[in-house]
Amino acid sequence: MPELPEVETTVRGLVPVLEGHRLVQVEARRADLRRAFPPDLRQRLTGARVTSLGRRAKYGLIATDRGDTLIFHLGMSGKWRIDPDALGAHDHFLLETDEGRRLALNDARRFGSLDLVRSDEVPAYEPFVKMGPEPLSDAFSAPYLLGALDGRSAPIKAMLLDQRIVAGLGNIYVCEALHMAGIAPTRAAGRISLMRLERLVEAVKIVLAAAIEAGGSTLRDYARPDGELGYFSKQWRVYGREGEACACGTAIRRRVDSGRSTFFCPRCQRS
DNA sequence: ACTGGGACCTGCCAGC
DNA sequence: TGCTGGCAGGTCCCAG
(Lines give C-alpha, C1' and ligand atoms only; values in the text may rest on other atoms or scores of the structure.)
Protein backbone atom coordinates (compact mmCIF):
# COMPACT_ATOMS: atom_id res chain seq x y z
CA MET A 1 0.00 0.00 0.00
CA PRO A 2 2.45 2.65 0.99
CA GLU A 3 4.35 4.66 -1.53
CA LEU A 4 4.98 8.35 -1.04
CA PRO A 5 1.35 9.51 -1.46
CA GLU A 6 0.07 6.95 1.01
CA VAL A 7 2.68 7.91 3.59
CA GLU A 8 1.88 11.59 3.04
CA THR A 9 -1.82 10.85 3.50
CA THR A 10 -1.07 8.83 6.61
CA VAL A 11 0.99 11.62 8.15
CA ARG A 12 -1.74 14.15 7.43
CA GLY A 13 -4.25 11.87 9.07
CA LEU A 14 -2.07 11.53 12.16
CA VAL A 15 -1.61 15.28 12.61
CA PRO A 16 -4.99 16.02 14.25
CA VAL A 17 -4.59 13.06 16.59
CA LEU A 18 -1.00 13.66 17.65
CA GLU A 19 0.21 17.20 17.07
CA GLY A 20 0.49 19.15 20.30
CA HIS A 21 -0.56 16.16 22.37
CA ARG A 22 1.26 14.26 25.07
CA LEU A 23 1.81 10.53 24.77
CA VAL A 24 0.50 8.99 27.96
CA GLN A 25 0.80 5.34 26.99
CA VAL A 26 3.37 3.72 24.75
CA GLU A 27 3.48 -0.02 24.21
CA ALA A 28 5.49 -2.25 21.91
CA ARG A 29 3.69 -5.58 21.59
CA ARG A 30 6.71 -7.20 19.97
CA ALA A 31 10.40 -6.34 19.94
CA ASP A 32 10.90 -5.80 16.24
CA LEU A 33 9.54 -5.40 12.76
CA ARG A 34 12.11 -5.70 10.01
CA ARG A 35 14.66 -4.47 12.53
CA ALA A 36 14.66 -4.50 16.32
CA PHE A 37 12.91 -1.58 17.98
CA PRO A 38 15.12 0.73 20.06
CA PRO A 39 15.18 -0.81 23.54
CA ASP A 40 14.40 2.53 25.21
CA LEU A 41 11.50 3.34 22.86
CA ARG A 42 8.83 3.31 25.53
CA GLN A 43 10.82 5.21 28.11
CA ARG A 44 11.79 7.99 25.73
CA LEU A 45 8.29 8.46 24.31
CA THR A 46 6.12 8.12 27.39
CA GLY A 47 5.18 11.58 28.66
CA ALA A 48 6.65 13.34 25.63
CA ARG A 49 4.61 15.87 23.67
CA VAL A 50 4.42 15.58 19.89
CA THR A 51 5.58 18.84 18.38
CA SER A 52 5.37 18.13 14.65
CA LEU A 53 4.89 15.46 12.02
CA GLY A 54 6.58 15.13 8.68
CA ARG A 55 7.67 12.80 5.92
CA ARG A 56 10.87 11.95 4.08
CA ALA A 57 10.38 9.67 1.05
CA LYS A 58 8.30 6.76 2.36
CA TYR A 59 9.18 7.39 6.00
CA GLY A 60 6.91 9.18 8.47
CA LEU A 61 8.46 11.44 11.13
CA ILE A 62 6.98 12.19 14.55
CA ALA A 63 8.99 14.72 16.55
CA THR A 64 8.65 15.25 20.29
CA ASP A 65 9.55 18.03 22.74
CA ARG A 66 12.27 15.81 24.15
CA GLY A 67 14.35 16.18 21.02
CA ASP A 68 13.53 12.74 19.68
CA THR A 69 11.96 11.78 16.35
CA LEU A 70 10.05 8.55 15.88
CA ILE A 71 10.63 7.36 12.31
CA PHE A 72 8.23 4.80 10.87
CA HIS A 73 8.19 2.92 7.60
CA LEU A 74 5.06 1.03 6.55
CA GLY A 75 6.78 -1.60 4.41
CA MET A 76 4.28 -3.36 2.15
CA SER A 77 1.36 -3.84 4.50
CA GLY A 78 1.75 -1.30 7.28
CA LYS A 79 -0.93 1.13 8.40
CA TRP A 80 -1.88 3.16 11.45
CA ARG A 81 -5.28 2.35 12.91
CA ILE A 82 -6.99 5.18 14.73
CA ASP A 83 -9.02 4.41 17.85
CA PRO A 84 -9.30 0.71 17.03
CA ASP A 85 -12.28 -1.07 18.56
CA ALA A 86 -10.16 -4.09 19.35
CA LEU A 87 -6.55 -5.06 18.89
CA GLY A 88 -5.52 -7.74 16.45
CA ALA A 89 -2.53 -9.99 16.03
CA HIS A 90 -0.74 -7.49 13.80
CA ASP A 91 -1.14 -4.39 15.95
CA HIS A 92 2.52 -4.21 16.93
CA PHE A 93 2.93 -0.78 18.49
CA LEU A 94 0.43 1.31 20.45
CA LEU A 95 0.20 4.96 21.42
CA GLU A 96 -2.35 6.75 23.54
CA THR A 97 -2.58 10.52 23.84
CA ASP A 98 -3.68 12.81 26.67
CA GLU A 99 -7.00 13.12 24.85
CA GLY A 100 -7.53 9.39 25.03
CA ARG A 101 -6.98 8.90 21.31
CA ARG A 102 -5.37 5.57 20.55
CA LEU A 103 -3.18 4.56 17.62
CA ALA A 104 -2.05 1.11 16.56
CA LEU A 105 0.71 0.48 14.05
CA ASN A 106 -0.53 -2.59 12.19
CA ASP A 107 1.73 -4.49 9.79
CA ALA A 108 0.87 -8.06 8.82
CA ARG A 109 3.97 -8.75 6.77
CA ARG A 110 6.29 -6.90 9.13
CA PHE A 111 8.39 -5.35 6.36
CA GLY A 112 8.03 -2.00 8.09
CA SER A 113 10.31 -0.40 10.66
CA LEU A 114 10.24 1.82 13.72
CA ASP A 115 13.22 3.82 14.90
CA LEU A 116 13.79 6.62 17.38
CA VAL A 117 16.59 9.07 16.73
CA ARG A 118 17.64 12.43 18.09
CA SER A 119 15.89 15.04 15.97
CA ASP A 120 19.10 16.80 15.02
CA GLU A 121 20.41 13.42 13.82
CA VAL A 122 17.51 12.78 11.43
CA PRO A 123 19.52 13.84 8.35
CA ALA A 124 22.18 11.34 9.39
CA TYR A 125 19.62 8.52 9.81
CA GLU A 126 21.17 5.72 7.80
CA PRO A 127 18.36 5.21 5.28
CA PHE A 128 18.37 8.95 4.51
CA VAL A 129 22.06 9.43 3.96
CA LYS A 130 22.33 8.35 0.35
CA MET A 131 18.74 9.14 -0.59
CA GLY A 132 17.96 11.14 -3.70
CA PRO A 133 15.74 14.23 -3.84
CA GLU A 134 12.05 14.32 -3.03
CA PRO A 135 10.20 13.83 -6.32
CA LEU A 136 7.86 16.75 -5.61
CA SER A 137 10.72 19.15 -4.90
CA ASP A 138 12.39 21.45 -7.40
CA ALA A 139 15.57 19.46 -6.91
CA PHE A 140 13.97 16.62 -8.87
CA SER A 141 14.32 18.05 -12.35
CA ALA A 142 15.15 16.82 -15.84
CA PRO A 143 18.72 18.16 -15.71
CA TYR A 144 19.21 16.43 -12.37
CA LEU A 145 17.87 13.14 -13.77
CA LEU A 146 20.01 13.42 -16.86
CA GLY A 147 23.07 13.62 -14.67
CA ALA A 148 21.95 10.91 -12.26
CA LEU A 149 21.19 8.48 -15.09
CA ASP A 150 24.26 9.25 -17.14
CA GLY A 151 25.95 6.08 -18.30
CA ARG A 152 23.41 3.81 -16.65
CA SER A 153 22.31 0.86 -18.77
CA ALA A 154 19.71 -0.45 -16.33
CA PRO A 155 16.06 -0.05 -17.32
CA ILE A 156 14.51 3.29 -16.44
CA LYS A 157 11.94 1.54 -14.27
CA ALA A 158 14.64 0.10 -12.03
CA MET A 159 16.32 3.48 -11.78
CA LEU A 160 13.12 5.23 -10.71
CA LEU A 161 12.62 2.60 -8.02
CA ASP A 162 16.16 3.22 -6.73
CA GLN A 163 15.72 5.52 -3.73
CA ARG A 164 19.22 6.93 -4.31
CA ILE A 165 18.09 8.40 -7.62
CA VAL A 166 14.75 9.73 -6.42
CA ALA A 167 13.20 8.96 -3.05
CA GLY A 168 9.61 7.89 -2.57
CA LEU A 169 8.53 6.18 -5.78
CA GLY A 170 7.34 2.59 -5.77
CA ASN A 171 6.02 0.09 -8.26
CA ILE A 172 2.61 1.64 -8.85
CA TYR A 173 3.57 5.24 -9.46
CA VAL A 174 6.61 4.32 -11.52
CA CYS A 175 4.37 2.31 -13.85
CA GLU A 176 1.88 5.17 -13.99
CA ALA A 177 4.46 7.89 -14.58
CA LEU A 178 6.25 5.95 -17.33
CA HIS A 179 2.94 5.43 -19.04
CA MET A 180 2.02 9.10 -18.80
CA ALA A 181 5.43 10.05 -20.16
CA GLY A 182 5.23 7.51 -23.00
CA ILE A 183 8.48 5.78 -22.07
CA ALA A 184 8.95 2.00 -22.14
CA PRO A 185 9.88 0.66 -18.69
CA THR A 186 12.71 -1.37 -20.21
CA ARG A 187 14.36 1.61 -21.89
CA ALA A 188 18.01 1.99 -20.89
CA ALA A 189 17.99 4.87 -18.41
CA GLY A 190 21.13 6.55 -19.69
CA ARG A 191 19.82 6.77 -23.25
CA ILE A 192 16.78 8.96 -22.68
CA SER A 193 16.90 12.48 -24.05
CA LEU A 194 16.56 15.57 -21.89
CA MET A 195 13.28 16.35 -23.60
CA ARG A 196 11.79 12.99 -22.70
CA LEU A 197 13.15 13.29 -19.16
CA GLU A 198 11.28 16.59 -18.91
CA ARG A 199 8.09 14.73 -19.69
CA LEU A 200 8.99 12.02 -17.20
CA VAL A 201 9.70 14.43 -14.36
CA GLU A 202 6.46 16.24 -15.07
CA ALA A 203 4.55 12.94 -15.14
CA VAL A 204 6.02 11.84 -11.81
CA LYS A 205 4.94 15.09 -10.17
CA ILE A 206 1.45 14.98 -11.67
CA VAL A 207 0.86 11.35 -10.74
CA LEU A 208 2.05 11.83 -7.16
CA ALA A 209 0.16 15.08 -6.65
CA ALA A 210 -3.04 13.50 -7.95
CA ALA A 211 -2.65 10.52 -5.64
CA ILE A 212 -2.06 12.77 -2.63
CA GLU A 213 -5.09 14.78 -3.64
CA ALA A 214 -7.18 11.60 -3.85
CA GLY A 215 -5.89 10.48 -0.46
CA GLY A 216 -6.64 13.85 1.04
CA SER A 217 -10.16 13.73 -0.27
CA THR A 218 -10.77 10.51 1.63
CA LEU A 219 -9.18 11.74 4.85
CA ARG A 220 -12.58 12.38 6.40
CA ASP A 221 -13.19 8.65 6.29
CA TYR A 222 -10.32 8.17 8.71
CA ALA A 223 -11.99 10.25 11.37
CA ARG A 224 -14.39 7.48 12.25
CA PRO A 225 -13.48 4.96 14.93
CA ASP A 226 -11.33 2.10 13.77
CA GLY A 227 -10.31 4.10 10.75
CA GLU A 228 -7.26 2.90 8.91
CA LEU A 229 -4.82 5.31 7.36
CA GLY A 230 -3.27 4.64 4.03
CA TYR A 231 -6.04 3.81 1.63
CA PHE A 232 -6.55 5.89 -1.47
CA SER A 233 -8.69 5.81 -4.56
CA LYS A 234 -7.51 3.54 -7.29
CA GLN A 235 -7.47 5.61 -10.44
CA TRP A 236 -4.62 3.89 -12.18
CA ARG A 237 -4.27 3.93 -15.95
CA VAL A 238 -2.10 0.84 -16.31
CA TYR A 239 -1.24 -0.63 -12.90
CA GLY A 240 -3.22 -3.80 -12.24
CA ARG A 241 -4.98 -3.54 -15.59
CA GLU A 242 -3.41 -6.31 -17.62
CA GLY A 243 -5.56 -7.12 -20.64
CA GLU A 244 -7.73 -4.03 -20.29
CA ALA A 245 -7.70 -1.37 -22.97
CA CYS A 246 -5.35 1.55 -22.66
CA ALA A 247 -6.83 4.93 -23.61
CA CYS A 248 -5.36 4.29 -27.09
CA GLY A 249 -7.30 1.04 -27.37
CA THR A 250 -4.33 -1.32 -27.13
CA ALA A 251 -4.39 -4.04 -24.48
CA ILE A 252 -2.28 -3.24 -21.46
CA ARG A 253 0.50 -5.74 -20.93
CA ARG A 254 2.17 -7.10 -17.83
CA ARG A 255 5.73 -8.35 -17.56
CA VAL A 256 7.54 -9.77 -14.58
CA ASP A 257 11.15 -9.10 -13.73
CA SER A 258 12.65 -10.74 -10.66
CA GLY A 259 9.19 -11.24 -9.26
CA ARG A 260 8.05 -7.68 -9.83
CA SER A 261 5.13 -6.85 -12.11
CA THR A 262 5.35 -4.04 -14.61
CA PHE A 263 2.22 -2.81 -16.39
CA PHE A 264 2.57 -0.86 -19.61
CA CYS A 265 1.02 -0.07 -22.97
CA PRO A 266 3.18 -1.43 -25.81
CA ARG A 267 1.83 1.20 -28.17
CA CYS A 268 1.99 4.36 -26.05
CA GLN A 269 5.29 3.49 -24.42
CA ARG A 270 8.06 3.30 -26.99
CA SER A 271 11.60 2.45 -26.12
C1' DA B 1 30.57 0.05 -9.55
C1' DC B 2 26.61 -1.73 -11.63
C1' DT B 3 23.01 -5.20 -12.42
C1' DG B 4 19.73 -8.78 -11.68
C1' DG B 5 17.83 -12.14 -8.63
C1' DG B 6 16.14 -13.74 -4.47
C1' DA B 7 14.94 -13.44 0.65
C1' DC B 8 12.20 -11.63 4.18
C1' DC B 9 6.62 -12.57 6.13
C1' DT B 10 1.70 -13.04 6.04
C1' DG B 11 -2.83 -12.78 3.87
C1' DC B 12 -5.86 -13.11 0.10
C1' DC B 13 -7.88 -14.89 -4.01
C1' DA B 14 -8.67 -17.80 -8.08
C1' DG B 15 -8.79 -22.32 -9.51
C1' DC B 16 -9.19 -27.12 -8.90
C1' DT C 1 -15.40 -26.84 1.65
C1' DG C 2 -10.42 -27.20 1.51
C1' DC C 3 -6.11 -27.14 -0.47
C1' DT C 4 -2.51 -25.07 -3.60
C1' DG C 5 -0.14 -21.81 -6.07
C1' DG C 6 0.39 -17.18 -7.36
C1' DC C 7 0.38 -12.61 -6.05
C1' DA C 8 1.08 -8.17 -3.15
C1' DG C 9 2.35 -1.15 -2.90
C1' DG C 10 9.58 -2.30 -0.03
C1' DT C 11 14.09 -2.87 1.22
C1' DC C 12 18.43 -5.40 1.70
C1' DC C 13 22.00 -8.58 0.51
C1' DC C 14 24.53 -11.40 -2.55
C1' DA C 15 26.90 -13.12 -6.67
C1' DG C 16 28.47 -12.31 -11.22
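Lettering follows sequence order; numbering is per chain, from 1. A quick note: this is a predicted structure, and the numbers were derived from the prediction, not measured.
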Kindly determine whether A/E121 and A/R118 satisfy salt bridge (charged side-chain N to carboxylate O under 4.0 Å, His left out), including the steps that lead there. CA-CA 5 Å; A/E121 300 278 335; A/R118 296 298 296 167; over 6 Å; no
Please determine whether a side-chain nitrogen or oxygen atom of A/S261 lies at a distance below 4.0 Å from atom OP1 or OP2 of C/dA8. yes
Is A/R35 atom CZ crowded by more than 12 heavy atoms from other residues, nucleotides or ligands, each under 6.0 Å away? yes
Taking atom P in both B/dC9 and C/dC14, compute the distance separating them and give it to the nearest angstrom. 16 Å
Whether A/K58 contacts C/dT11 is assessed here as follows: a side-chain N or O lying under 4.0 Å from the phosphate OP1 or OP2. Is that the case? yes
Short side-chain N/O contact to C/dG9 OP1/OP2 from A/Y173, under 4.0 Å: no
Please report the distance separating the P of C/dC7 from the corresponding atom of B/dG5, rounded so that it comes out in whole Å. 16 Å
Of all the heavy-atom pairs spanning A/P266 and A/A251, show the shortest one and how long it is. CD-O, 3.6 Å
Residues A/D257, A/R255: salt bridge by 4.0 Å N-O rule: yes
Short side-chain N/O contact to C/dT11 OP1/OP2 from A/H73, under 4.0 Å: yes
Take A/E96 and A/R102, measure what salt bridge (charged side-chain N to carboxylate O under 4.0 Å, His left out) needs, and give me the verdict at the end. CA-CA 4 Å; A/E96 184 176 339; A/R102 289 174 301 122; 5.4 Å; no
Under-3.5 Å N/O pairs linking protein and nucleotides 4-6 of chain C:
none

It should be established whether A/Q163 places a side-chain nitrogen or oxygen under 4.0 Å from OP1 or OP2 of nucleotide C/dT11. yes
Nucleotide range of DNA chain B contacted by chain A, 5' to 3', under 4.0 Å to a heavy atom? B/dC2 to B/dG11
What do you reckon, is CG of A/D138 surrounded by more than 12 foreign heavy atoms closer than 6.0 Å? no
Student check: side-chain heavy atoms of A/R56 and A/E134 closer than 4.5 Å: yes
Using both pair distances under 3.5 Å as the test, note the stems of at least 3 consecutive Watson-Crick or G-U pairs that include DNA chain C. B:2-8 with C:10-16, B:10-16 with C:2-8
